[in-house]
*Asks:* 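My questions will all concern the structure given below.
One-based numbering, in listed order, for ligands and for the atoms of each.
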Amino acid sequence: MSDIRFDDRVAIITGAGGGLGKEHALLLASRGAAVVVNDLGGNPDGTGSGHTMAEIVCKEIEAAGGKAVPNYDSVSTPEGGEGIVKTAIDNFGRVDIVINNAGILRDKSFANLATPDLEAVLDVHLKGAFFVTQPAFRHMKEQKYGRIIVTASAAGVFGNFGQTNYGAAKMGLVGLSNVLAVEGAKYNITSNAIAPIAKTRLTEDLLGPMADKLDPAQVAGLVAYLVSEECTLTHEIFSVGGSRIARVFVGLAKGWIKGAGTTPTIEDVRENLEQIMDTEGYTIPRSAQDELMALAPLMAGS
Ligand code: NAI
């Protein structure tokens, strides 16, 4: 089978000045994509800024014969998002791929979380993905082609101490991706979420002895596959780290039904908890409509 290529495709990768984003950029560029290497160039907590990080990655791509242009806008404002997409259009004439990867950390236990720590994290992760993806999505709709990735996290999908701000932002991204998958379907636009695990400046102190076995380059292969033309997977979530890649999903259990026109009482819930909690025979709805359609015959028939 032939290699997967990205010739004539244009990719925006946010936060691509280091860590995971850099690996996505290097891999896509090595397979022919023209890449906008966006990075604010600040500190892990979102303070500061600089041009060096994005520039170094672009130089590395160019030295290897690839095409890249740096962008230093913050993803966290509508103007920043527009600017990033404009960089792609001005330099390469289109945008096919958006990898929302920029991120910061402001970890605090919930009781100690200050409002600025909530806002900064929501701004970069959650609003940042809105601000970059929306102008790109408009182009994708017109050209009837697009591939979108959001970078979620186990901290949101599964929960993690001290990360209410980050976990909420990351699970918010899953919601964004799911709706983009639904809205993008008729335009050949896919959207998927990854929950990566890798040693980067954000995590090197958190991963303990496993850190050295978790190379960020091990995440890029999945991301590149998901944004390739031949991949039509959409509305999915993947855990990816080390060399393991695994589907994560939100399943709907069969549940317990009291009957059409009836109202479950508090005691009904207690008495039927086992059936409510039973995961056997679960389904994975592709949309809220999907869930509703599955509920309709149950309501009619009981
Ligand atoms: P990193 O710190 O190396 O990469 C994040 C990049 O985003 C940095 O280069 C930073 O300068 C850039 N950035 C921050 N704020 C920005 C803004 N407002 N505008 C543009 N760029 C900005 O860390 P890492 O680990 O590579 O993180 C990449 C993504 O993966 C983040 O979204 C992070 O939350 C997520 N993630 C990482 C995990 C890991 O194990 N490394 C685990 C789960 C999620």
*Asks:* Tell me the protein heavy atom at minimum distance from atom 44 (C) of ligand 1, and give that distance in Å.
*Replies:* Y166 OH, 3.1 Å

*Asks:* Show the numbers, then the answer: is there a side chain to side chain donor-acceptor pair (under 3.5 Å) between N192 and E236?
*Replies:* CA-CA 5 Å; N192 292 288; E236 299 291 347; over 6 Å; no

*Asks:* Atom 30 (O) of ligand 1: which protein heavy atom is closest, and how many Å away?
*Replies:*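 Ranking protein heavy atoms by distance from atom 30 (O) of ligand 1, first comes T151 CG2, 3.3 Å.
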
*Asks:* Looking at NZ of K170 and CZ of F158, how far apart are the two atoms once the value is rounded to the nearest 0.5 Å?
*Replies:*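 K170 atom NZ to F158 atom CZ measures 14.5 Å (nearest 0.5 Å).
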
*Asks:* Please classify the H125 to ligand 1 contact at 4.0 Å (heavy-atom distances, strictly less than): side chain, backbone, both or neither.
*Replies:*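 Answer for H125: side chain.
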
*Asks:* Are N165 and E119 linked by a side-chain donor-acceptor pair shorter than 3.5 Å?
*Replies:*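 Their side chains do not contain a donor-acceptor pair, so the 3.5 Å distance test is not met.
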
*Asks:* Out of N101, V75, L20, whose heavy atom is nearest to atom 32 (O) of ligand 1?
*Replies:* N101

*Asks:* Give me the residue, atom name and distance of the protein heavy atom closest to atom 21 (N) of ligand 1.
*Replies:* L40 N, 3.3 Å

*Asks:* Can you list the atoms of ligand 1 that are under 4.0 Å from a heavy atom of G19?
*Replies:*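 Matching atoms, with element in brackets: 3 (O), 26 (O).
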
*Asks:* What residue among V98, I149, I84, L28 forms side chain to side chain contact (heavy atoms under 4.5 Å, CB included) with I13?
*Replies:*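 Between I13 and the candidates, side chain to side chain contact (heavy atoms under 4.5 Å, CB included) is satisfied uniquely by L28.
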
*Asks:* Would you check whether G128 reaches within less than 4.0 Å of ligand 1, judged by its heavy atoms?
*Replies:* no

*Asks:* Tell me, please: is A16 in heavy-atom contact with ligand 1, that is, under 4.0 Å?
*Replies:*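 No heavy atom of A16 comes that close to ligand 1.
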
*Asks:* What's the shortest distance from atom 42 (C) of ligand 1 to any protein heavy atom, and which residue and atom give it?
*Replies:* P196 O, 3.0 Å

*Asks:* Before signing off on this row, confirm whether G21 and ligand 1 have an N or O atom pair separated by under 3.5 Å.
*Replies:*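 Among all N and O atoms of G21, none is under 3.5 Å from an N or O of ligand 1.
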
*Asks:* Any N or O on K170 sitting closer than 3.5 Å to an N or O of ligand 1?
*Replies:*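 N/O-N/O distance below 3.5 Å exists for this pair.
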
*Asks:* If you measure every N/O of A154 against every N/O of ligand 1, is any gap under 3.5 Å?
*Replies:* no

*Asks:* Mark the output for G46 as yes if a heavy-atom distance to ligand 1 is under 4.0 Å, and as no if none is.
*Replies:* no

*Asks:* Short list, please: which atoms of ligand 1 are under 4.0 Å from a heavy atom of A152?
*Replies:*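 So the atoms of ligand 1 that pass are 43 (C), 44 (C).
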
*Asks:* What atoms of ligand 1 come within less than 4.0 Å of a heavy atom belonging to A198?
*Replies:*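 With A198 as reference, the close atoms of ligand 1 come out as 39 (C), 40 (O), 41 (N).
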
*Asks:* Between I84, I104, D123, N38, flag the one that comes closest to atom 20 (C) of ligand 1 by a heavy atom.
*Replies:* N38

*Asks:* Can V124 be reached from V121 by stepping across I, L, V, M, F, W or Y side chains whose heavy atoms are under 4.5 Å apart?
*Replies:* yes

*Asks:* So Y72 and H51, would you call those rings parallel, tilted or perpendicular, with 30° and 60° as cut-offs?
*Replies:*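 Y72 and H51: parallel rings.
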
*Asks:* Could you list the atoms of ligand 1 found under 4.0 angstrom from a heavy atom of D73?
*Replies:* 19 (N), 20 (C)

*Asks:* Between K199 and D215, is the side chain to side chain contact (heavy atoms under 4.5 Å, CB included) condition met? List the steps.
*Replies:* CA-CA 6 Å; K199 180 189 176 184; D215 188 329; over 6 Å; no

*Asks:* Go through ligand 1 atom by atom and flag the ones less than 4.0 Å from a non-hydrogen atom of I197.
*Replies:* 40 (O)

*Asks:* Just to confirm my output: which protein heavy-atom neighbour is closest to atom 6 (C) of ligand 1, and how far is it?
*Replies:*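 Checking every protein heavy atom, the shortest distance to atom 6 (C) of ligand 1 gives G15 O, 3.5 Å.
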
*Asks:* So, D290 versus S287: side-chain donor-acceptor pair below 3.5 Å or not?
*Replies:*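 Short answer, no.
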
*Asks:* Which atoms of ligand 1 have any heavy atom of G41 under 4.0 Å away?
*Replies:*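 Matching atoms, with element in brackets: 11 (O).
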
*Asks:* Assess R147 against F6: is NZ or CZ under 6.0 Å from the centre of the six-membered ring, and within 45 degrees of the ring's axis?
*Replies:* no

*Asks:* When the ring centroid of Y187 is compared with that of Y145, is the distance short of 6.0 Å?
*Replies:*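 Y187 vs Y145: aromatic centres not under 6.0 Å.
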
*Asks:* Might you point out which heavy atoms bring Q218 and S243 nearest each other, and give the distance in Å?
*Replies:*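 Scanning both residues completely, I find the closest heavy atoms to be NE2-N, 3.9 Å.
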
*Asks:* Among all protein non-hydrogen atoms, which one is nearest to atom 18 (N) of ligand 1, and what is the separation to 0.1 Å?
*Replies:*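 Among all protein heavy atoms, the one nearest atom 18 (N) of ligand 1 is S74 OG, 2.9 Å.
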
*Asks:* Examine S153 against ligand 1 and note whether any of their N/O atoms are separated by less than 3.5 Å.
*Replies:* no

*Asks:* Would one find an N or O of R201, backbone or side chain, under 3.5 Å from an N or O of ligand 1?
*Replies:*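 Among all N and O atoms of R201, at least one is under 3.5 Å from an N or O of ligand 1.
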
*Asks:* Which heavy atom in L202 sits nearest to a heavy atom in P44, and how many Å separate them?
*Replies:* CD2-CB, 3.7 Å

*Asks:* Indicate the atoms forming the closest heavy-atom contact of V85 with V132, along with that distance.
*Replies:* CG2-O, 3.5 Å

*Asks:* Minimum distance, heavy atoms only, to atom 39 (C) of ligand 1: which one of L214, T203, N160 is it?
*Replies:*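 Looking at heavy atoms only, the winner is T203.
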
*Asks:* Does a side chain donor of either N71 or T87 reach within less than 3.5 Å of an acceptor in the other side chain?
*Replies:*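 A pair is found: one side chain offers a donor N or O, the other an acceptor, under 3.5 Å apart.
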
*Asks:* Is the closest side-chain donor-acceptor distance between S191 and S177 under 3.5 Å?
*Replies:* yes

*Asks:* Give the residue, atom name and distance (to 0.1 Å) of the protein heavy atom nearest atom 24 (P) of ligand 1.
*Replies:*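 Its nearest protein heavy-atom neighbour is T200 OG1, 3.4 Å.
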
*Asks:* Before signing off on this row, confirm whether L202 and ligand 1 have an N or O atom pair separated by under 3.5 Å.
*Replies:* no

